[in-house]
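Throughout, numbering of the chain's residues begins at 1 and tracks the sequence.
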Amino acid sequence: MRVPVTISLLPIVLLSACSLEQRLDTVSENLHKQYADAKEWDQLPLRIISWEQAVAMMMRCNTELADAQSAIEEAERDSLSIYTDMIPGVSYYGYFTKNIKSLSDDISANDLSSNVNITFAIPTLTQVPYRVYAAKAKTFAAIKAREGKERELVAKLYTLVHTRRLQLEARALESTNPNATEQDKLLSKKNHLAEDAAHWQQMSELLGDYSARWQILPSSAPKVQWSDYEPRLNRLDDLVVCAYALRLEQARLAQYQIALQYLPTINTSLYSPSLFSSSGGTYEGTFLSGEDTRINLNLSYSLDTNLSVWNNYQRNKDQFEKVKRQVQTGLVEHKNKIATLKTSVREYHNWRSYMQKRIAYLQKMPVSSAEELISRDSTIYEMQLELIKQAQSAVESEAAIILEYGLMK
């Protein structure tokens, strides 16, 4: 009997294999076509958009934000499952049996049987309050994580836009370099091509769209004004405080979850025979009656005789104290970081003011020979180039303050 069964199954297996190969061939052909139609980055159309359009595109298409949104939706589903777990479950089971000799005969009620069952269970009552609180905390943490990711991406976009602006300013300045040789110009051209490719890659990744060479109008991009942030630098931003608070609460919940194991376990369930049954034509009907339906309440409690729960509790308690110390240390380091940032920004503005005044003085200084003119122009060129390099570092400081307090418009 085994041989005929094997032979009968063989065509099904072969058909499935052929179907899979055909499907993969179709998908592969489409992928080859997409690859052939794809353009290299420098052949893509140039599209100019405003800062607002870029931010809207990033919020809509960025994959990291999509992951953050998925985490929120997952947390919300987990919160809902606490209550949906209490909804009675209904299942259907059908069965057909018939002897081989009478397969050609008509199907009768004796050949069929079916059942409709209902199940009902309430989660452990002592765990429900904890599950509700933990689910709310998870959802809230996911929402705040998305807010933090949005701020991080805005800071990256800000850095990318202003760094690009300074790159182009440096290129324009390099074209006036009186001491540049042909080899220097060729090397600069090669470096510029690499910068352009890197800029396209980073911009497309942020915007979530690789179909064009995106360019954001520099005039539409906001610029950090340190005077707007100075009143806020003496206190932590609410989102930063929330991140520290969630870290503490997560450690506390881990300790609390262990403590719940000292409470008795209470389980409740509803038992009944089949809600509806029909079997072989012998009997059928509804059987959910008050006499047959029972509500079960189970209470259990175990003594922690081997102290395993106690050891876990102490371990989580120590971890909670460790997290509190880490948060306290983090607050001090955070404050020192902001103080260092304030000092560096102040020093940069003083240095830039001096350099600009020095350049203006040199430009007005008279020269008496061609050598002095070349020397003066070379000095001015180097000072202007250094201004641009330091401005790029200043953009990183501005991005850091955006990441800390958000972008103020």
Side-chain angles (χ1 to χ4, degrees), residues 51 54-55 148 150-177 179 188 191-192 194-196 198-199 202-203 206 215-237 239-240 330-365 375-409:
W51 169 266
V55 171
E150 289 178 355
R151 184 179 291 184
E152 176 188 340
L153 293 177
V154 169
K156 287 183 178 180
L157 186 63
Y158 180 93
T159 302
L160 197 57
V161 171
H162 288 286
T163 299
R164 181 62 173 177
R165 172 179 58 82
L166 292 170
Q167 282 180 354
L168 297 179
E169 289 183 9
R171 292 183 188 182
L173 181 61
E174 287 176 1
S175 64
T176 65
N177 184 7
N179 301 320
S188 295
N191 292 336
H192 296 165
E195 288 177 351
D196 292 343
H199 175 77
Q202 295 169 2
M203 181 65 73
L206 276 178
Q215 181 177 329
I216 300 177
L217 283 173
S219 58
S220 68
K223 192 72 172 70
V224 166
Q225 302 296 328
W226 286 98
S227 58
D228 297 335
Y229 287 90
E230 286 179 357
R232 304 177 60 183
L233 297 180
N234 293 326
R235 64 185 301 273
L236 284 174
D237 179 72
L239 189 59
V240 177
L331 291 174
V332 174
E333 293 177 349
H334 214 96
K335 192 166 188 177
N336 288 330
K337 182 183 73 174
I338 296 298
T340 302
L341 184 62
K342 290 165 58 177
T343 302
S344 64
V345 169
R346 183 171 59 250
E347 291 176 349
Y348 165 72
H349 282 287
N350 292 337
W351 173 85
R352 186 181 66 176
S353 177
Y354 165 77
M355 291 288 285
Q356 290 173 339
K357 292 178 181 178
R358 181 63 178 170
I359 291 174
Y361 170 76
L362 291 176
Q363 289 174 338
K364 295 179 181 179
M365 186 179 67
S375 176
R376 186 196 68 174
D377 290 345
S378 298
T379 301
I380 292 175
Y381 169 80
E382 294 296 334
M383 294 175 69
Q384 289 174 333
L385 190 61
E386 185 64 23
L387 273 174
I388 293 176
K389 291 180 180 179
Q390 294 302 321
Q392 291 176 339
S393 299
V395 168
E396 296 178 1
S397 299
E398 293 168 359
I401 210 68
I402 293 174
L403 187 61
E404 189 73 24
Y405 294 98
L407 181 60
M408 297 180 62
K409 299 180 180 180

With sequence neighbours excluded, residues passing salt bridge (charged side-chain N to carboxylate O under 4.0 Å, His left out) with [X]:
| X | result |
| --- | --- |
| D228 | none |
| K357 | none |
| K156 | E152 |
| R235 | D238 |

- Do E398 and K223 have side-chain heavy atoms sitting under 4.5 Å apart?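 Yes - at least one pair of side-chain heavy atoms lies under 4.5 Å apart.
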- Message: Any non-hydrogen side-chain atom of I401 less than 4.5 Å from a side-chain atom of L233?
- Response: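 The answer is yes; the side chains approach within 4.5 Å.
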Within this structure, what is the [atom1]-[atom2] distance for the pair [X] and [Y], rounded to the nearest 0.5 Å?
| X | Y | atom1 | atom2 | value |
| --- | --- | --- | --- | --- |
| L239 | E150 | CG | CD | 10.0 Å |
| N191 | E174 | CG | CD | 8.5 Å |
| D237 | L403 | CG | CG | 10.0 Å |
| N336 | L341 | CG | CG | 12.5 Å |
| I338 | L236 | CD1 | CG | 8.0 Å |
| L173 | I388 | CG | CD1 | 5.0 Å |

Counting N and O atoms only, with roles assigned by atom type, does the side chain of [X] sit under 3.5 Å from a partner on the main chain of [Y], one being a donor and the other an acceptor?
| X | Y | value |
| --- | --- | --- |
| T159 | A155 | yes |
| Y229 | V224 | no |
| S353 | N350 | no |

Looking only at heavy atoms, which two atoms of [X] and [Y] are closest? And how far apart?
| X | Y | value |
| --- | --- | --- |
| P222 | H162 | O-NE2, 2.9 Å |
| I402 | Y158 | CD1-CG, 3.5 Å |
| T163 | Q392 | O-NE2, 4.4 Å |
| Q363 | R376 | O-NH1, 3.4 Å |
| V345 | S397 | CG2-CB, 4.4 Å |
| S227 | P231 | O-CD, 3.5 Å |

- Item | Worked verdict on E230 versus K342 for salt bridge (Lys or Arg N to Asp or Glu O under 4.0 Å) | CA-CA 9 Å; E230 286 179 357; K342 290 165 58 177; over 6 Å; no
- Item | Salt bridge flag under 4.0 Å for residues E169 and R165 |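 A salt bridge is present here (some side-chain N lies under 4.0 Å from a carboxylate O).
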- Answer yes or no: is there an ion pair linking E195 with R164, defined by an N-O contact shorter than 4.0 Å?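 Judged by the 4.0 Å cut-off on N to carboxylate O distance, E195 and R164 do not form a salt bridge.
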Residues 379-387, side-chain donor-acceptor partners within the protein, below 3.5 Å, at least two apart:
from, atom 1, to, atom 2, distance (Å)
T379, OG1, S375, O, 2.9
E386, OE2, Q390, NE2, 2.8

- Who passes side-chain contact (heavy atoms from CB on, under 4.5 Å) against K364, sequence neighbours left out?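 Applying side-chain contact (heavy atoms from CB on, under 4.5 Å) to K364 gives none.
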- Query: Checking side chain to side chain contact (heavy atoms under 4.5 Å, CB included) for the pair E404/R232: CA distance, chi angles, key distance, verdict?
  - Reply: CA-CA 10 Å; E404 189 73 24; R232 304 177 60 183; over 6 Å; no
